[in-house]
Amino acid sequence: MSSNANPQADFAPTGSTNSTPQAPTVKATLPSPDFVPLSELSNAPLTLRDLLPLVPAALISLVFNAGFVIGMMIFYDLGAAEAQNARKTLVLEDEATRVEQERREKDFIIDDPEDFTQAFDVTSPVEPKLPGADPEDLPAGYQESPDPNAVAGAGTGPDGGIQGAGALANEGFAGHLLADAAYGFKGDQGAGPMGDGGGIPTGRGGGSPTAGGFGARTSRTLDSVRAAGGNDASEAAVARALRWLAAHQSPDGRWSLNNYHRHNPACRCKDLNFEGSVIDNDTAGTALGLLPFLGAGHTHKKGASPYAGNVLRALQFLTGRQQNNGDLGGGMYAHALATIALCEAYGMTSDIKLRLPAQKAIQFIEYAQNTQTGGWRYQPRTDGDTSVVAWQVMALRSGQMAGLTVRSQTLDLAKRWLDSCQSDGGAQYSYVPGSGATPAMTAAALLNRQYMGWGPRNPALHKGCEFLLRTAPPPPEKPRPGEQLGPIYYYYYATQVMHHMGDKYWDSWNPRMRDFLIRTQLKKDDGHREGSWDPRGSDHGGAGGRIYSTSLATLTLEVYYRHLPLYRREQVSKEMDAEEMKPEMKKDEKDKGNN
């Protein structure tokens with residue numbers, strides 16, 4: 001028997017007599033408790049423990065990380081929502097405060113509050129400020145670089161101040177209106193900027209004392225407006241226009257040419273059909289919205305102004321979008337408009353935070369000029385057209401009046417462009433060389449000529465003014481039925497030319513222009529549009545819309561104080577000197593001339 005045989009199978013009792021062999025008795029072994037028969041395994045459900053060995057490790061990692069990321073996103077969204085709710089609460093609290101302030105001051109701001117219940121925040125902050133360093137925050141010993149071309153003298157007006165070269169003795173700049181004596185030259189009772197022109201009547205007011213400057217804006221009274229050719233009705237029209245503009249400024253400070261109506265639920269001002277093609281240019285829109293406030297003497301520093309906050313937000317918007325090279329965006333038309341606004345705001349307030357943005361904007365205009373033609377067009381360094389050139393020249397002159405640096409060669413090149421477009425000996429001008437003279441281009445070019453040196457006795461200037469008078473608005477006694485604003489672009493420039501010329505030109509032009517604008521302004525019966533001018537029927541109204549038409553019409557009505565006359569004061573001074581000269585002095589001068 002082999003050693004590995006089953007003992008139970010081989011065992012047989014000894015002594016058996018039965019010779020028939022019998023099958024061995026096999027005793028079965030019981031299965032282990034953990035053992036599962038194959039027949040049962042095929043019907044048993046699989047568990048996670050059964051499947052885990054079959055799942056790759058990479059898939060497990062992916063599922064785990066995805067779950068972690070989703071959890072973090074849910075957590076972050078909940079946190080952001082809580083923060084947003086907190087900000088909404090704060091905004092609501094600020095809004096409630098603003099509404100209460102507006103309610104308290106509405107009687108002062110708005111003649112008819114019920115028509116402007118949705119006007120947006122025309123109240124002013126207590127201390128409106130621009131971004132940047134205040135003078136007190138600057139390093140010790142910091143000084144503004146003086147303009148090497150500046151001419152200054154002690155003013156003798158009631159409030160003291162600066163008198164420009166050639167100014168009358170009783171005219172000066174109100175030094176006490178400036179923020180700090182560090183700006184400009186010191187006057188009798190304070191500080192004042194440099195000046196080289198006609199000074200400011202009575203020594204009261206703000207801005208540059210340069211002839212053509214901004215000084216008469218803040219000192220205007222109804223008496224001074226009447227003396228200059230305006231009247232109570234023209235000033236009421238300006239007030240209505242400013243209220244309308246304030247009510248259509250966006251909360252972030254911009255005026256939108258195309259979407260000025262969207263932030264005000266009560267606004268039904270936009271003609272959706274006619275203004276459907278108005279351009280999107282927020283630089284141009286904001287400049288056009290801001291300039292009428294500056295023209296009427298409202299600045300971000302004038303605490304008594306109900307529009308100081310509107311001016312501040314507009315300046316913040318413009319300076320906030322300026323690029324490092326000085327470009328304010330929107331093309332050269334828009335850039336020039338915004339540059340004028342920055343220069344005027346700086347010239348009127350001497351706010352140091354505006355000096356660099358305004359100077360950089362001037363430098364971009366200098367860079368953008370086509371040095372071959374002397375012109376500017378829509379984009380930098382292209383050939384040019386008289387319309388774009390006129391705005392650039394006025395921006396450069398605004399910079400000069402504000403005491404900023406402007407290169408003389410830039411203006412010399414601009415004269416080259418005007419020379420290339422002139423006809424009739426310089427009395428008329430075309431859009432581009434050889435295209436034929438138009439009243440609008442003639443008015444724009446003649447205003448440039450005035451600011452760049454043409455005197456009041458220039459024959460071409462007189463001849464040009466005669467040309468402009470042929471297309472003046474209708475006389476007040478003969479209004480046209482269904483009048484529309486018409487060529488306001490032309491009127492804007494021609495009115496300034498006539499204002500500086502004075503005498504018969506101004507006396508003939510002004511009553512017609514003034515009363516025409518008063519008649520065509522929308523009145524109370526026009527609802528929320530009251531104070532604006534309809535762009536339908538105006539030149540470029542389809543592109544600029546109601547902001548454009550209202551802005552240029554308002555600026556035209558502000559001509560009585562927006563810029564000091566270039567010539568009339570100078571002429572009066574010379575005539576007075578000639579009349580008061582003693583006979584013996586005249587004889588002495590004659591003898592000197594003969595020698």
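As the structure is a computational prediction, the values presented were derived from the model and not from experiment.
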Interatomic distance, [X] atom [atom1] to [Y] atom [atom2] [nearest 0.5 angstrom]:
X: Phe293; Y: Asn310; atom1: CZ; atom2: CG; answer: 5.5 Å
X: Leu564; Y: Arg217; atom1: CG; atom2: CZ; answer: 9.0 Å
X: Thr495; Y: Leu557; atom1: OG1; atom2: CG; answer: 8.5 Å
X: Leu312; Y: Ser305; atom1: CG; atom2: OG; answer: 11.5 Å
X: Asn264; Y: His528; atom1: CG; atom2: NE2; answer: 4.5 Å
X: Trp533; Y: Ser551; atom1: CH2; atom2: OG; answer: 10.0 Å

For this session: Take Leu222 and Asn231 through the test side chain to side chain contact (heavy atoms under 4.5 Å, CB included) and record every step on the way to the result.
Result: CA-CA 7 Å; Leu222 278 177; Asn231 56 27; over 6 Å; no
A side-chain contact here means heavy atoms from C-beta on lying under 4.5 Å apart; do [X] and [Y] qualify?
X: Leu294; Y: Ile340; result: no
X: Pro475; Y: Arg512; result: yes
X: Tyr260; Y: Cys269; result: yes
X: His300; Y: Asp351; result: yes
X: Lys415; Y: Leu418; result: no
X: Leu485; Y: Asp534; result: no
X: Arg546; Y: Trp244; result: yes
X: Met501; Y: Gln450; result: yes

Quick check against the 3.5 Å criterion: does [X] have a side-chain atom that pairs as donor or acceptor with the backbone of [Y]?
X: Thr438; Y: Met441; result: yes
X: His335; Y: Leu328; result: yes
X: Gln521; Y: Gly531; result: yes
X: His298; Y: Tyr307; result: no
X: Thr550; Y: Ile547; result: no
X: Ser508; Y: Lys504; result: no
X: Trp391; Y: Ala334; result: no
X: Arg449; Y: Leu461; result: no
X: Gln323; Y: Asp327; result: no
X: Trp376; Y: Ile365; result: yes

Distance-minimising heavy-atom pair for [X] and [Y]:
X: Ala296; Y: Leu242; value: CB-CD1, 4.0 Å
X: Ile362; Y: Ala395; value: CD1-O, 3.5 Å
X: Gly399; Y: Val406; value: C-CG2, 4.5 Å
X: Trp417; Y: Thr386; value: NE1-OG1, 3.2 Å
X: Gln322; Y: Ala361; value: NE2-N, 3.6 Å
X: Thr218; Y: Gly297; value: CG2-O, 3.4 Å

Exercise. Just checking, Arg254 and Phe317: is the charged tip under 6.0 Å from the six-membered ring centre and within 45° of the axis?
Worked result: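 So Arg254 doesn't make the cation-pi contact.
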Before accepting this row, confirm whether a basic side-chain N of the pair [X]/[Y] lies closer than 4.0 Å to the acidic partner's carboxylate O.
X: Arg519; Y: Glu483; value: yes
X: Lys523; Y: Asp526; value: no
X: Arg240; Y: Glu235; value: no
X: Lys270; Y: Glu275; value: no
X: Arg536; Y: Asp271; value: yes

For this session: Show your reasoning for whether side chain to side chain contact (heavy atoms under 4.5 Å, CB included) applies to Ile488 and Asp539.
Result: CA-CA 6 Å; Ile488 186 59; Asp539 54 1; 3.3 Å; yes
For this session: In sequence, state the C-alpha distance, the side-chain angles, and the governing distance for His500 and Tyr451, and then conclude on ring-ring contact (aromatic ring centres under 6.0 Å, His included).
Result: CA-CA 10 Å; His500 292 311; Tyr451 274 105; 5.4 Å; yes
Exercise. Among Thr554, Leu245, Leu337, whose side chain to side chain contact (heavy atoms under 4.5 Å, CB included) with Leu291 holds?
Worked result: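 Result: among Thr554, Leu245, Leu337, Leu337 is the only option passing the side chain to side chain contact (heavy atoms under 4.5 Å, CB included) with Leu291.
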Problem set entry | Stepwise salt bridge (Lys or Arg N to Asp or Glu O under 4.0 Å) check, Glu558 with Arg220 | CA-CA 11 Å; Glu558 293 174 347; Arg220 81 184 195 277; over 6 Å; no
Exercise. Are His499 and Tyr560 near enough that their ring centres are under 6.0 Å apart?
Worked result: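 His499 vs Tyr560: aromatic centres not under 6.0 Å.
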Problem set entry | Arg262 CZ: over 12 foreign heavy atoms closer than 6.0 Å |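 It does not: Arg262 CZ has 12 such atoms or fewer within range.
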For this session: Before giving the answer on side chain to side chain contact (heavy atoms under 4.5 Å, CB included), spell out for Thr556 and Met513 the whole-Å C-alpha distance, their side-chain angles and the decisive distance to 0.1 Å.
Result: CA-CA 9 Å; Thr556 304; Met513 188 76 260; 4.0 Å; yes
For this session: Look at the aromatic rings of Tyr333 and Tyr378 and report parallel, tilted or perpendicular, splitting at 30° and 60°.
Result: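 Tyr333 and Tyr378: tilted rings.
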Exercise. Angle class for the Phe516/Tyr491 ring planes (parallel below 30°, perpendicular above 60°, tilted otherwise)?
Worked result: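 Rings of Phe516 and Tyr491: perpendicular, over 60°.
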Problem set entry | Donor-acceptor pair between Gln316 and Arg313 side chains, under 3.5 angstrom |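 The answer is no; no qualifying pair exists.
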Problem set entry | Evaluation steps, side chain to side chain donor-acceptor pair (under 3.5 Å), between Thr471 and Tyr490 | CA-CA 10 Å; Thr471 49; Tyr490 161 60; 2.6 Å; yes
For this session: Quick one: do Gln484 and Ser538 satisfy side chain to side chain contact (heavy atoms under 4.5 Å, CB included)? Show the steps, please.
Result: CA-CA 7 Å; Gln484 294 179 314; Ser538 68; over 6 Å; no
